[in-house]
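Structure first, then comments.
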Amino acid sequence: MIRTITALSFISLITSAAWSAPLGESPAAHSEVPDSLNWDDADYEGTDLDEIVIIQKNSGIRKLRGSAFNTELMTSAELTRAACCNLGESFSTNPSVDVSYSDAATGARQIKLLGLPGTYVQMLTENIPNLRGASAPYGLGYIPGPWMQSIQVSKGASSVKNGYESVTGQINVEFLKPQTEDNLLLNGYADHQGRVEANAVGNLHFNPKLSSALLLHGEHNFSSHDSNDDGFADSPKVSQFAALNRWAYMGDNYIVQGGLKYLGEKRQSGQLGSHAHHAAAAQNAGEAGATPYIIDTHTDRLEAFLKNAYIFDHESNSNLALILSGTFHDQKSDYGRKIYDVIQRTLYGQLMYERDFGSMHSISAGLSLNIDDYRQHYRLTHNAALTPTRLDENETVAGGYVQYTFNYDSHLMVMGGLRYDHSSRYGSMFTPRLHARWNIADWLSLHASAGKGYRTPYALADNNYLLASSREIVVSPSLKQEEAWNFGGGGSGDLHLGERKLIWSAEYYYTDFRHQTVVDLDYSPQMAIIREIGGKSYSHSVQVEAGIDIIADMTFTAAYRFNDVKVDYGRGVVEKPLTSKSKGLFSLSYAPMMGLWQFDATLAINGGGRMPDPGDTAAWQKRYKAYPTLNAQATRNFRHWSIYIGGENLTNYRQKHPIIGAADPWGPGFDSTMVYAPVHGAMVYVGFRYNLK
């Protein structure tokens, strides 16, 4: 018997998603790709499904119009369009998020959203704050790509539920869940530069309610490359092992999820090849300062979380939830003879109650507690005779919030929230936030948001990559808490052009800082001053995007973004350095033969910008020009596995001299932080994915 299921019927079978969003919010608000088709065997007993016809397939990036927030959902379909070895490499096809290197020596990366650094983006894993403080410089590499089920990118001030830290937005990562059907996933990757990775994910059901999953990751660089022959490795050699064991109990009224994760990483970069050998020979001959310049970073990180929820009434969605998490981060770094060692311990807890009052009204209220403790030892010069300085910093923040949501049949949604927090370092904080969406028709949906955000600066933990230079690092005492307002709005919709559908969006955001801590690289080429600004600091960001199916199975997307980011270091308002003013992104995806093949290509045109003031040294140009990068991948899909081959930066554009003064890293002119473009050329990779359900 042949049974054909239409697209509408097919979608109805997969709308049941695992519990992972904040309790009390509609599934549409934080939806994610379902892990399985939740068939009820009794309903289909005796029915043979020899054929399933899907009229329309979902795109890899979706705007969530059922949410009051401006949120993009990146599904597993989007994450497999590139190798996506880790979180930092998952945004190559995303027009909203930029990922760039902080310097040309350590491999530290940072996200940029709305033209501002990733320190103003609240990072979440399964809606729990994470990757804060000391983990921020390398944290994008701490989440393996094959572990991720989806990524949610929310722009502007976000919900008050997750705290006061979101200024430009939130990025939430959902991991693969143990409560899906029994599953084994294997992934392997290798590139021509000597990097090899392997991942394994498996889950087991002990009974219909209790399940567990084990996620493993390992990577290693077998070689180093110096494509511009400046004596320094283009990228660090990284060896990393990570393991996550998580459990889930999905009862009728009581739900609990918990997990424990360990990560160990070693990364080494610096001088190599003949340059290192010459320096070592000179050192043996007794020449002063001739030691090879090596950067070593060793990290051990332990994370644990526990999420409990009790549902009192399913009809009104009345529930009480308790979320607990803890992190231990131990990082030891050597930059030549400079030292930065840090142990960060964080405890987080949240108690929340939510309830719906009819179909249009809901309320959420909660209490939270966050404790951060930093133990730091550092030496900011190459004078090995100096004893490292110890600096202890800690903060305890207790607070509460209330949030009300009005939802008129998913056509008009208004969400208002207010939270109060008290910091042991800065005192009281009031955080108001407001979101609204009006779904007028399929072709037009309007959204707007306004809200405040705060952030506690940790000068060395946030910016320890600056030690990979000869700049004197000067930190102003008693840094104030950062504070900013964010306002934004826009529209999106679907336009039907004959048999084709054009998906479009346009948005504008304005961020205005009341207090901001900046790294002033303009004051002197020999100094990096971490201090509060003496004047204005703001960002305007405009983005337009459109996507259309050119022919059957071929989708084309184009996006353009313009950023106007200005800051006053006390000498007048200037462009923020190392920040591109614009970006154009063009993406083509083609999946012929019922998806047996998948071809993807993404061209990005990164606009020019301003470099930090070189002063009288003339060691670099005052501005940099626009440059292109091209990524492409071809995938062959089989029943349970797929193989892929691809390339990154196929335009082979790279910054010619990313390290200033590379010939004399011990001298006063050495600086690896003047990075605005890729530091390595074209890279080719191959890999496979195996998925047995």
Side-chain angles (χ1 to χ4, degrees), residues 101-108 110 137 226 228-236 267-272 275-276 278-280 282-283 287-297 332-341 376-389 391 459-476 518-531 569 577-578 611-622 624 655-676 679:
Y101 284 102
S102 302
D103 65 277
T106 67
Q110 64 171 333
D226 181 15
N228 60 359
D229 198 31
D230 64 357
F232 274 75
D234 294 336
S235 57
R267 56 176 61 224
Q268 185 181 85
S269 60
Q271 284 185 305
L272 49 76
H275 299 268
H278 290 326
Q283 181 188 24
E287 297 180 19
T291 309
Y293 190 97
I294 302 298
I295 300 174
D296 269 316
T297 300
K332 295 178 172 60
S333 301
D334 296 326
Y335 304 83
R337 299 189 190 97
K338 298 178 182 179
I339 294 174
Y340 180 71
D341 298 340
Q376 303 167 97
H377 290 80
Y378 61 89
R379 181 170 61 226
L380 303 183
T381 73
H382 291 303
N383 187 353
L386 293 179
T387 302
T389 301
L391 175 63
L460 295 179
D462 295 339
N463 304 287
N464 59 76
Y465 67 91
L466 291 172
L467 274 71
S469 74
S470 293
R471 289 178 181 264
E472 178 187 358
I473 300 177
V474 179
V475 181
S476 297
V518 297
V519 179
D520 185 355
L521 301 177
D522 281 339
Y523 184 80
S524 168
Q526 285 78 41
M527 299 179 69
I529 304 176
I530 303 175
R531 62 179 181 84
Y569 295 109
L578 300 172
M611 296 290 289
D613 191 347
D616 298 330
T617 65
W620 59 84
Q621 299 293 322
K622 292 186 177 181
Y624 62 90
Q655 192 172 337
K656 292 183 179 179
H657 303 291
I659 298 181
I660 309 300
D664 183 18
W666 304 100
F670 175 71
D671 194 343
S672 68
T673 64
M674 299 293 100
V675 177
Y676 63 86
V679 297

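Side-chain atoms are counted along with the backbone in the values below, which use heavy atoms only and exclude waters and symmetry mates.
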Practice task
Would you sort out whether Y569 and V518 count as a side-chain contact (heavy atoms from CB on, under 4.5 Å), showing the intermediate values?
Solution key: CA-CA 8 Å; Y569 295 109; V518 297; 3.7 Å; yes
Problem - Criterion side-chain contact (heavy atoms from CB on, under 4.5 Å) on T297 and K332, from CA distance to verdict - result: CA-CA 6 Å; T297 300; K332 295 178 172 60; over 6 Å; no
Problem - Worked check of ring-ring contact (aromatic ring centres under 6.0 Å, His included) between H382 and W666 - result: CA-CA 8 Å; H382 291 303; W666 304 100; 4.8 Å; yes
Practice task
Mind running side-chain contact (heavy atoms from CB on, under 4.5 Å) on K338 and T381 for me, showing each step along the way?
Solution key: CA-CA 5 Å; K338 298 178 182 179; T381 73; 5.7 Å; no
Practice task
Check the pair N464, Y335 against side-chain hydrogen bond (donor to acceptor under 3.5 Å, both in side chains), reporting the backbone distance first and the verdict last.
Solution key: CA-CA 10 Å; N464 59 76; Y335 304 83; 3.0 Å; yes
Exercise for the section: Could you give me the CA-CA distance, side-chain angles and deciding distance for D671 and I659, then say whether side-chain contact (heavy atoms from CB on, under 4.5 Å) is met? Expected result: CA-CA 6 Å; D671 194 343; I659 298 181; over 6 Å; no
Exercise for the section: Any chance you could lay out the side-chain hydrogen bond (donor to acceptor under 3.5 Å, both in side chains) test for Y676 and Q655, step after step, and finish with the verdict? Expected result: CA-CA 8 Å; Y676 63 86; Q655 192 172 337; 4.7 Å; no
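Listed here is the closest heavy atom pair of A619 and P614: N-CB, 4.4 Å. Residues P668 and Q526 share a closest heavy-atom pair of O-CG, 4.3 Å. Closest approach of S469 and S672 over heavy atoms only: CB-N, 4.2 Å. Shown here for A461 and P137, the closest heavy-atom pair between the two residues is O-CG, 3.8 Å. Across all non-hydrogen atoms, the minimal contact from S476 to R531 is OG-CB, 3.0 Å. Nearest approach of P665 to A662, heavy atoms of both residues: CD-O, 3.5 Å.
Using a 4.5 Å cut-off on side-chain heavy atoms (C-beta onward), K656 and N228 make no contact. In this structure the side chain of I529 never reaches within 4.5 angstrom of the side chain of V519, judged on heavy atoms. Considering only heavy atoms from C-beta on, P612 comes within 4.5 Å of M674 through its side chain. Contact annotation: the side chain of T389 never approaches that of R379 to less than 4.5 Å [non-hydrogen atoms, C-beta and beyond]. Proximity of Y378 to L380: side-chain heavy atoms (C-beta onward) are separated by under 4.5 Å at one or more points. With a 4.5 Å cut-off on side-chain heavy atoms, D226 and L272 count as touching. With contacts defined as side-chain heavy-atom distances shorter than 4.5 Å, the pair P577/M611 does not qualify. When side chains are defined from C-beta on, S102 counts as touching Y465, because their heavy atoms get closer than 4.5 Å.
Interatomic distance, CG of D103 versus CG of N463, reported as 11.5 Å (0.5 Å rounding). The CZ atom of R337 sits 9.0 Å away from atom CG of N383, with the distance rounded to the nearest 0.5 Å. To the nearest 0.5 Å, atom OH of residue Y101 and atom CG of residue D234 are 9.5 Å apart. To the nearest 0.5 angstrom, L521 atom CG is 5.5 Å from T673 atom OG1. A distance of 8.5 Å separates CD1 of I530 from CG of D462, quoted to the nearest 0.5 Å. We find the CG-OG distance between L467 and S333 to be 8.5 Å, quoted to the nearest 0.5 Å.
Every residue was checked against the salt bridge (Lys or Arg N to Asp or Glu O under 4.0 Å) condition with D613, not counting sequence neighbours, and none meets it.
Ring centers of F232 and F670: under 6.0 Å apart, within the cut-off.
For the pair Q271 (side chain) and Y293 (backbone), a donor-acceptor distance under 3.5 Å is present. When atom types are taken as modelled, the side chain of R267 and the backbone of T106 share a donor-acceptor pair closer than 3.5 angstrom.
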